[in-house]
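For reference, the structure discussed in these notes is given below.
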There are 2 protein chains.
Amino acid sequence: MATGRVPVERRRRRPTKTGTVLTEELIVDCALRLAGEHGAEALSVRRLGAALGCDPSALYRYFHDTDDLLLAVADRIIGETMHDFAPEGDWLSGLREMAHRVYSGYSRHPRIAAMAAYRVTRRAHEFRAVEIGIGLMRRGGFGKEAAVRHYAAFIDTVLGHAALDAAHLALAPERRGGDTRAWTEAYQDLPDAAYPQLAEVRHELPLMAHSSFENALDLLLSALESQARAG
Amino acid sequence: MATGRVPVERRRRRPTKTGTVLTEELIVDCALRLAGEHGAEALSVRRLGAALGCDPSALYRYFHDTDDLLLAVADRIIGETMHDFAPEGDWLSGLREMAHRVYSGYSRHPRIAAMAAYRVTRRAHEFRAVEIGIGLMRRGGFGKEAAVRHYAAFIDTVLGHAALDAAHLALAPERRGGDTRAWTEAYQDLPDAAYPQLAEVRHELPLMAHSSFENALDLLLSALESQARAG
DNA sequence: AAGTTGCGTCAATGGTGTTGACATAAGGAC
DNA sequence: GTCCTTATGTCAACACCATTGACGCAACTT
């Protein structure tokens, strides 16, 4: 990791050769756009530099390394998804909406999500999200420890599904296609004798190609409801 | 993707310069070992070639590209984890053991798991695993469609958690440390007024640094049990 | 107007996957 | 046992990648 290249406060605003003035925010914006527009390979320091109209190495004046940049971009996504989220109704609906927001936010930026869903950004937007999530669990009547444990189980399940589906979406087209078609091709051709269970559900197997997020979320929330009633 | 470089049946067994005779199996073995022993950056075609004592490009005679190799390695891991698994007791215990097997198998190979948990290997070991998993759901009394849907929710939740935790484990040490310490450092220093919920559970927040897999699994299985009774 | 120094630029290092041409030895045919 | 074919290992090259240290300009401070 580079040391001392990233000042906290920036005083001199020197434009690049092409005239743009770099900003931490501008870079994050551009990275987000770039990762979205072009394919899975789009996000590299060199391309980012080209898109910003600056030398690639200029980015190291703003972020220690690509990991640092990634966390900043990830936090931006969290901010987007949680923007204006202030759950008012019952806690379960709040959790459901939070789950949907996180999931769809990550689905909108699959490439970043696949790389960052398991990270702790340690930044402002993530702080707010955890604050809200734990607040919802507390509203469900859970004690301090149970609230934290259940929030962890909840958010990790949501993030896990988001990461899985995002990684699938971020796959190069021919690979994504190959994985998806497995359920209508390879799995359909297995010998019945060796795979009796698969033979029986043959016509339902294509369901495996779709996201199971909604089903898993329903199961998880119903379990939390039971726990809340029992506790 | 290279075309026609990977014959199905191999007749001529020509040794490399260092004397070893390459095999699809040998390569997968070596990749698995390499990814485990050394750091997160260990698995590259060049290192693999060096470890096998052959030219890196020789691998392209056995696998179309690194993605093809990755899927082969992933399927090997599935095979390892499901080896000798033949659930006999009640379906819920069977699912629980399957979840533990998958999770710990992936935890043993975090680098590969992080890259492949969301893939469909379309290979023998995966076929068997799905066969067993859907069989367990059927044993729980679910109809064809419900069995497939619930199996998808189940396995994706398990894989999601496995992927999350594996990716965390596979992180470079200083990054993993940074993410982990967030809960005992950054999250402990937030101002109480702005984050009242976090302030209240301050002493329980370090729980967030641990895996939530067991808790999430308990919740999921209890929900499936309720569904089975209701349906 | 002069002096510091922040920050954009350049060039270089050592990594990556992948490919096409090449050479050689393995195995089949006789 | 010898010849032929060709599978397969090797080599060199291409086009990328992140990162760093030296350099020098220009934007602020004084």
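So you know, we letter chains A, B, ... as the sequences are listed, proteins then strands, and number each from 1. Please read these numbers as outputs of a predicted model, since none were measured by experiment.
Between A/T66 and D/dT19 there is a side-chain N or O to OP1 or OP2 distance below 4.0 Å. In this model, the phosphate group of C/dG8 is approached by a side-chain N or O of A/Y62 to a distance below 4.0 Å at OP1 or OP2. Distances shown here put every side-chain N or O of B/K17 at or beyond 4.0 Å from the OP1 or OP2 atom of C/dT24.
Between the side chain of A/R101 and the main chain of A/T81, a donor-acceptor pair closer than 3.5 Å is present.
Surrounding CD of A/E97 are more than 12 heavy atoms belonging to other residues, nucleotides or ligands, all under 6.0 Å away. Crowding of A/E25 atom CD: a count of heavy atoms from other residues, nucleotides or ligands under 6.0 Å not exceeding 12.
Closest-nucleotide positions on DNA chain C for B/V45 and A/P56 were compared, and the one nearer the 5' end corresponds to A/P56.
Counting to the nearest Å, the P atom of C/dA21 and the OH atom of B/Y60 are 17 Å from each other. Here the P atom of nucleotide C/dC7 and the NE2 atom of A/H64 are 14 Å apart, to the nearest Å. B/L43 places its CG atom 15 Å from the C1' atom of C/dG15, with the value rounded to the nearest Å. Residue A/L69 contributes atom CG, which lies 15 Å from atom C1' of D/dC17 at whole-angstrom precision. For B/F63 and D/dG9, the CZ to C1' distance is 16 Å, given to the nearest whole Å. For the pair A/L59 CG and D/dT19 C1', the computed distance is 12 Å after rounding to whole Å. A straight line from CG of B/L70 to C1' of C/dT16 spans 16 Å, rounded to a whole angstrom.
Of the residues in residues 46-55 of chain A, those with a non-hydrogen atom less than 4.0 angstrom from any atom of DNA chain D are A/R46, A/R47.
Every residue meeting the side-chain contact (heavy atoms from CB on, under 4.5 Å) condition with B/S107, not counting sequence neighbours, appears here in chain and number order: B/Y103. Legend: residues meeting side-chain contact (heavy atoms from CB on, under 4.5 Å) with A/P15, ordered by chain and number and at least two apart, are A/V21. A/R128 meets the side-chain contact (heavy atoms from CB on, under 4.5 Å) test with A/E131, B/Y195; sequence neighbours excluded.
Between B/E214 and B/H100, the side chains place a donor N or O and an acceptor N or O closer than 3.5 Å (distance only, hydrogens not considered).
In terms of heavy atoms, B/G53 sits closest to B/T16 at O-OG1, 3.1 Å.
Inter-residue side-chain proximity for B/F213 and B/V158 is flagged as met; some heavy-atom pair is nearer than 4.5 Å.
Residue B/R61 places a side-chain atom within donor-acceptor reach of the base of D/dG9, judged by atom type and a 3.5 Å distance cut-off alone. In terms of polar N and O atoms assigned as donor or acceptor, the side chain of A/S44 never comes within less than 3.5 Å of the base of D/dC16 in a complementary pairing.
Listed nucleotides: D/dT10, C/dT18, D/dA18. Nearest to the side chain of B/D65: C/dT18. Comparing D/dG9, D/dG24, D/dG21 by their nearest atom to the side chain of A/R14 picks out D/dG24.
Overall, the helix from C/dA1-D/dT30 to C/dC30-D/dG1 carries an axis bend of 10° between its ends, with five pairs at each end and the value rounded to 10°.
The list of side-chain hydrogen bond (donor to acceptor under 3.5 Å, both in side chains) pairs with a residue in residues 68-78 of chain B, not counting sequence neighbours, reads B/D29-B/R76, B/D68-B/R123, B/D75-B/T121.
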